[in-house]
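Shown next, in structure tokens, is the structure this report addresses.
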Amino acid sequence: MLNRILQTIQKDGAVFFPPVDDRSLKFVSSLLASHRFPALPNDYITMLKMTDGFVWNGVEIYGTRANDRVNKGYTLPGVIEANLEYSQTPPMQGKLLLGRAAEELFVYDSLDQQYHIINRMDFSKSCTFNTFSEAIYLFVDELF
């Protein structure tokens with residue numbers, strides 16, 4: 001399902017970045033652990049091996065590193081930078097920030113091992129999903 005979603009949004013103008021290699025994944029995993037962030041979930045790692053993050057239609061999914069969009073004058077933050085921004089926010093404890101769209105944050109909760117779409121202002125949950133693909137599909141379902 002993830003492969004189909006990525007192919008579909010790529011045809012619709014999504015910006016993808018070069019896939020991550022195993023060495024970079026290990027490095028980012030160790031950085032996350034050193035900051036006491038949850039580990040990268042396996043199905044998110046699957047996406048990183050296809051594209052190290054993406055931007056599409058206002059949806060930003062972070063990769064392992066910051067990715068410059070020189071022609072837009074914008075840098076998509078990496079997962080480390082994005083999580084450091086919220087590291088002192090109590091409602092984000094135990095959660096790994098994976099992306100954002102408008103006023104929503106896309107997180108993986110290591111406590112219940114599920115993905116959540118939460119409000120960026122009050123951190124209330126609006127949706128919960130078992131897999132990364134199901135959560136991404138929420139944003140792209142109008143293309144299918």
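This structure is a prediction, so every number in the text was calculated from the model and none was measured. Along the sequence shown, residues are numbered consecutively beginning with 1.
- Taking 4.5 Å as the limit, every side-chain heavy atom of V107 sits out of range of all side-chain heavy atoms of L96.
- Side chain of T8 to backbone of R4: a donor-acceptor contact under 3.5 angstrom is found.
- Checked by atom type, the side-chain pair N130/Q114 shows a donor-acceptor distance below 3.5 Å.
- Here the shortest heavy-atom pairing between T51 and F17 reads OG1-N, 3.0 Å.
- Looking at heavy atoms from C-beta onward, L32 lies in side-chain contact with V28 at the 4.5 angstrom threshold.
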**Chi angles and distances behind the side chain to side chain contact (heavy atoms under 4.5 Å, CB included) call for F106, I118** = CA-CA 7 Å; F106 178 47; I118 62 174; over 6 Å; no
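- In this structure a side-chain-to-backbone donor-acceptor pair under 3.5 Å is present from S126 to I117.
- The heavy-atom pair separating L31 from I80 by the smallest distance is CB-CD1, 3.7 Å.
- A pairwise comparison of heavy atoms in I61 and L76 identifies O-CD2, 3.6 Å as the closest pair.
- The side-chain hydrogen bond (donor to acceptor under 3.5 Å, both in side chains) search around R65 returns D52, not counting sequence neighbours.
- Summarising the geometry of S30 relative to F27, their closest heavy-atom pair is OG-O, 2.7 Å, with the distance given to 0.1 Å.
- For T128, the side-chain hydrogen bond (donor to acceptor under 3.5 Å, both in side chains) criterion is met by H116, not counting sequence neighbours.
- Here the shortest heavy-atom pairing between W56 and I9 reads CD1-O, 3.7 Å.
- In this view, P91 and T89, F123 satisfy the side-chain contact (heavy atoms from CB on, under 4.5 Å) rule, not counting sequence neighbours.
- Contact check for L97 versus M92: side-chain heavy atoms found under the 4.5 Å cut-off.
- L105 is listed as a side-chain neighbour of Y86, based on a closest heavy-atom distance under 4.5 Å.
- Partners of E60 according to the salt bridge (Lys or Arg N to Asp or Glu O under 4.0 Å) rule, which considers only residues two or more places apart in sequence or in another chain, are R100.
- Under the 3.5 Å distance criterion, the side-chain polar atoms of S110 are matched with a main-chain donor or acceptor of G94.
- The CG atom of L40 sits 11.0 Å away from the OG1 atom of T46 when rounded to the nearest 0.5 Å.
- Within the structure, salt bridge (charged side-chain N to carboxylate O under 4.0 Å, His left out) pairs that include any residue of residues 81-97 comprise K95-D109 (at least two apart or interchain).
- Between M121 atom CE and E103 atom CD the span is 6.5 Å, to the nearest 0.5 Å.
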**Item:** Stepwise side chain to side chain contact (heavy atoms under 4.5 Å, CB included) check, Q10 with F54
**Value:** CA-CA 9 Å; Q10 187 173 32; F54 67 84; over 6 Å; no
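- Every residue meeting the ring-ring contact (aromatic ring centres under 6.0 Å, His included) condition with Y108, not counting sequence neighbours, appears here in chain and number order: Y115.
- Looking at heavy atoms from C-beta onward, M47 lies in side-chain contact with L2 at the 4.5 angstrom threshold.
- The side-chain hydrogen bond (donor to acceptor under 3.5 Å, both in side chains) search around T75 returns D68, not counting sequence neighbours.
- The salt bridge (charged side-chain N to carboxylate O under 4.0 Å, His left out) pairs that include a residue from residues 26-47 number zero, where partners must be two or more places apart or lie in different chains.
- Every pair passing salt bridge (charged side-chain N to carboxylate O under 4.0 Å, His left out) that includes a residue from residues 15-24 is listed here, sequence neighbours excluded: D22-K49.
- Take Q88 and apply the side-chain contact (heavy atoms from CB on, under 4.5 Å) test, not counting sequence neighbours, and it matches no residue.
- For Y44, the ring-ring contact (aromatic ring centres under 6.0 Å, His included) test picks out F132, with sequence neighbours left out.
- The side-chain hydrogen bond (donor to acceptor under 3.5 Å, both in side chains) search around S124 returns D122, not counting sequence neighbours.
- Side-chain contact between V79 and F37: absent, with no pair of heavy atoms (C-beta onward) separated by less than 4.5 Å.
- The nearest pair of heavy atoms linking C127 to L138 is SG-CD2, 4.1 Å.
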